[in-house]
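Working notes for the structure below.
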Amino acid sequence: MTAKRHIVALTKAQRTELETIVHTGHRKAFPRRRAQIWLQADQGAHGPGLADAAIAARLGVGVSTVERARRAFVQQGAVAGLQTAPMDHPRTPRRLDGQGEARLVALACGSPPPGFAQWTGQLLAEALVAEGVVETISATTVNHTLKKTR
């Protein structure tokens with residue numbers, strides 16, 4: 001067994017705060033799980049100091065999750081380690097704005113093109129491109145947008 005690189009040693013105050021997070025109120029899953037891991041991994045005077053595999057088995061998480069939680073505690077501290085990291089990449093811009101969605105719904109509510117019994121996602125996507133509403137759009141995006149607007 002190799003020595004742990006990141007040792008969690010909680011003070012009495014930190015331990016009390018983490019126990020409060022785990023045992024009271026409705027909390028988000030991420031900070032609650034981190035608190036549970038830190039309490040189990042605590043190698044201080046008041047903690048059980050369990051091995052990563054034992055913590056993972058008890059809490060139903062992977063060993064790598066326990067290792068990442070230990071690292072977060074050592075590198076960021078107890079308060080910052082409970083926060084989720086913000087996304088570091090921008091969201092993809094929407095293909096259809098409000099007017100584009102309105103045109104899509106109008107097309108879908110109208111009669112299908114000649115030779116077809118009903119509209120499909122692919123037909124609607126092709127119609128939006130043909131009308132110049134968008135340069136490109138997938139049938140999946142069309143279907144998701146219609147599902148959202150129903």
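The heavy-atom pair separating Ala139 from Gly121 by the smallest distance is CB-C, 3.6 Å. Closest non-hydrogen pair, Ile7 versus Val74, comes out as O-CG2, 3.5 Å. Of all heavy-atom pairs between Ala35 and Ile21, the closest is CB-CG2, 4.1 Å. Across all non-hydrogen atoms, the minimal contact from Leu82 to Pro31 is CD2-O, 3.4 Å. Here the shortest heavy-atom pairing between Ile37 and Ala69 reads CG2-CB, 3.7 Å. Pairing each heavy atom of Val133 with each of Gly100, the nearest pair is CG1-CA, 3.8 Å.
Here Glu19 pairs with Arg15 under the salt bridge (Lys or Arg N to Asp or Glu O under 4.0 Å) rule; sequence neighbours left out. Applying the side chain to side chain donor-acceptor pair (under 3.5 Å) rule to Arg71 yields no partners; only residues at least two apart in sequence or on another chain are considered. Listed by chain and number, the residues in a side chain to side chain donor-acceptor pair (under 3.5 Å) with Ser111 amount to none (sequence neighbours excluded). Residues satisfying the side chain to side chain donor-acceptor pair (under 3.5 Å) criterion with Lys28, sequence neighbours excluded, are absent altogether.
Other residues, nucleotides and ligands place more than 12 heavy atoms under 6.0 Å from the CZ atom of Arg33.
Residues in residues 46-80 take part in these ring-ring contact (aromatic ring centres under 6.0 Å, His included) pairs, two or more places apart or across chains: Trp38-Phe73. Counting only residues at least two apart or in different chains, side-chain hydrogen bond (donor to acceptor under 3.5 Å, both in side chains) contacts with residues 119-132 comprise Arg103-Glu131, Gln122-Glu126.
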Trace of the side chain to side chain contact (heavy atoms under 4.5 Å, CB included) decision for Leu124 with Leu146: CA-CA 10 Å; Leu124 287 167; Leu146 286 174; 3.6 Å; yes
Val61 and Arg68: CA distance, side-chain angles, deciding distance, side chain to side chain contact (heavy atoms under 4.5 Å, CB included) verdict: CA-CA 11 Å; Val61 297; Arg68 280 192 305 271; over 6 Å; no
Verdict with supporting geometry, His144 and Arg95, side chain to side chain contact (heavy atoms under 4.5 Å, CB included): CA-CA 12 Å; His144 283 273; Arg95 291 280 183 178; over 6 Å; no
Audit row: Arg70, Asp52, side chain to side chain contact (heavy atoms under 4.5 Å, CB included) steps and yes/no: CA-CA 9 Å; Arg70 283 180 182 275; Asp52 291 355; 2.6 Å; yes
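Between the Asp42 side chain and the Leu10 main chain, a donor and an acceptor come within less than 3.5 Å of each other.
Gln76 is not listed as a side-chain neighbour of Gln83, based on a closest heavy-atom distance of 4.5 Å or more.
For the pairing with Val134, the side-chain contact (heavy atoms from CB on, under 4.5 Å) check across Val142, Val129, Thr141, Asp97 returns one residue only, Val129.
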